[in-house]
Structures are given as C-alpha cells and as structure tokens.
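Here is the structure we will look at, set down as structure tokens.
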Amino acid sequence: MKPARPEFVPDASATREEMEALQRDVAADATWSDDFDFDPGTVGSDRTTGSGVATGQRTLSTDHGAASAPLVAGVDQAFLDDRAVSVVVVRRGDTVVERAHAVTDLEIPYIPGLLAFREGGPILAAFAELTCEPDLVVFDGSGRIHYRQAGLATHIGVTLDVPSVGVAKGLLCGTPETGVDGRPEGWRTPILADDDVENAAPGTKIGHAFQSRQYDSRPIVNPIYVSPGHRVRVDTATDLVERLCAGYKLPEPTRLADAHADEVKRGLSE
DNA sequence: GCGACAG
DNA sequence: ATCTTGTCGC
C-alpha cells in the first residue's frame, strides 16, 4: 500500500516550522465525518459481531459472515538502538490475514506534537510492504487530539487516504469534559478543544477518554484516549474502538501489532 | 521562570 | 518508547 497523497509524507529533515505547516495542511485535508463502506457493527471479534452462528453447543463462523467483515489493521512499533521496527497486522474478524513490517533508522528524537515525523516514515515503509488494503487502521497515538489536529493517526490516515482512528494511553492536549478517575468499564467523556488546539473553537469535541477496562471497585486502570484519524467522526471512532476491545485495556489490533513488533525486534538482536 | 507534553 | 522480578488478585 502506497501513499495516495505523497505531498503529505512526513519529512524528518524539515524545520520545525515546516513540520507544523505540513500538519496544518494535513488537518485541512482530513475528513472527520464517516466516510467508509463497511458496517461499524461488523467490526470486532466474531463472537461480538454475531458473524458466527450459535448452534446449541458450538458457535460456527460462517464463511459468508467472515467474508463481509472489514479488514482492520493495527499499527505499532518497537525500538532497538536507533532503529524502529514498524509493523502492520491486518485481521478480518478474528482471523489475521496479513502481517507486514519494516526496520528503519530513526532520524529525529521524540518531540510531543511531532511524533509523525519520527515514526511516520517507518510506518509508511511497513505499509509499502502490505499487499492488502485495510478498511480501517488503528494507530497507537492521537489523531485529532493534537495541537494542530494532525496527530499520527490523522497524518498517516490522510497520507494513505484510509479510514483511521488514534488510540493513545495518555492525553496530549484538550480537556476532559468531566473527571476521568475511577470510572466504570464502558464509560466515556468528551475531550474538548481548548486554547492549545488550533482551528477549533474552544469546547469543540475532538475525541473521548474511554474506560475500556476496569476492575471491581479498584480505580487502578487509566482510560485510553480515542480520537478520529481520518474519514471517521468522533463518536464513531470511539464506538469502533469499543468494539475492538476484547477484555483488555487496549484494542485487539493494537495488542496484536505490539506483540508482533516485539517478535520482530527479538529476531533482530538474537 | 514554571508546568505540560502521544511514543 | 526502553531498562526489568516478583507479586497481588481474579
């Protein structure tokens, strides 16, 4: 899979001003309304989507049911010295249909707000190795929840012109509408734009804090922060991620990509 | 100057 | 992100 918009490929050798300018251009081309052809209800595990048919004692995954499920990809990275191991794992229902990876030299350090310029190139290198075209891509980082509304999920989503969502373990910017501590599983609250977010009226909903996992009475799990990448609206992004969570804090696509990135990384040092 | 800050 | 053993709890 190659960039549909080569002009947006992040260039790590650009100046900070040029990077920020490119992000504004990316945000201007991003779509934050639903623009994908699959049924959101068919995303997630076969058990949850009903694409399997209960027959008394067994559950059969029907071929026609699985075939209609969209291709959902998870992207994650692992690091070794000054190299990035980027991986893309694609599933249809609960079946992994393709994995791709790339090992790339890192050009610049991590700078909050400029993550796509450090990891974007490596991620696109992994996508270049991918033969299928995912219907949805889940990134480990923010999308619209970003100073210029062009986080990693948005930047790469727009560059590849693929529907995408961002899932971050921490909040980069914006303000939760209500406190997020100790909330029950399934709970969500909007993340509202504040003065740190460009081109968004303060109060604009740019994502959600979502409690994907929680234990009984012990508020030890922090929520995840979900935001649209490209071609998905705020509420839909969180609906999709909720369907992709299968008993763990992080969505399954992310967990699979994370595990595979570690495998590739091991084979690199051993 | 101080605090905040995806991975 | 990464460096790292055991340990508390369902």
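Only heavy atoms go into these numbers, but all of them, side chains included; no hydrogens, no water, no symmetry mates. Below, read A as the first sequence line, B as the second, and so on, with proteins coming before strands; counting in each chain starts at 1.
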Which part of the nucleic acid, if any, lies within reach of [X] when heavy atoms closer than 4.0 Å are counted: base, sugar-phosphate only, or nothing?
| X | answer |
| --- | --- |
| A/A153 | nothing |
| A/L80 | nothing |
| A/G113 | base |
| A/G170 | sugar-phosphate |

If the cut-off is 4.0 Å, is [X] near the phosphate of [N], judged by side-chain N/O to OP1 or OP2?
| X | N | result |
| --- | --- | --- |
| A/K265 | C/dT2 | yes |
| A/K169 | B/dA6 | no |
| A/Y110 | B/dA6 | yes |

* Evaluate the criterion side-chain hydrogen bond (donor to acceptor under 3.5 Å, both in side chains) for residue pair A/Q211 and A/R183; output intermediate values, then yes/no. => CA-CA 7 Å; A/Q211 194 71 47; A/R183 299 299 186 172; over 6 Å; no
Rounding to an integer number of Å, can you tell me how far [X] [atom1] sits from [N] [atom2]?
| X | N | atom1 | atom2 | value |
| --- | --- | --- | --- | --- |
| A/D196 | B/dA4 | CG | P | 13 Å |
| A/R118 | C/dT2 | CZ | C1' | 11 Å |
| A/R266 | C/dC3 | CZ | P | 11 Å |

Face-to-face stacking of A/F79 with C/dA1, centres under 5.5 angstrom, angle under 30° = no
- Would you check if A/R16 and A/I111 make a side-chain contact, meaning some heavy-atom pair closer than 4.5 Å? yes
Picking from B/dG7, C/dT2, B/dA6, the nucleotide nearest the side-chain atoms of A/D140 would be B/dG7
(request) Could you label the plane-to-plane angle of the A/H155 and A/F117 rings as parallel, tilted or perpendicular, counting under 30° as parallel and over 60° as perpendicular? (result) perpendicular
_A/F38 six-ring face occupied by A/R243 cation (under 6.0 Å, within 45°)_ = no
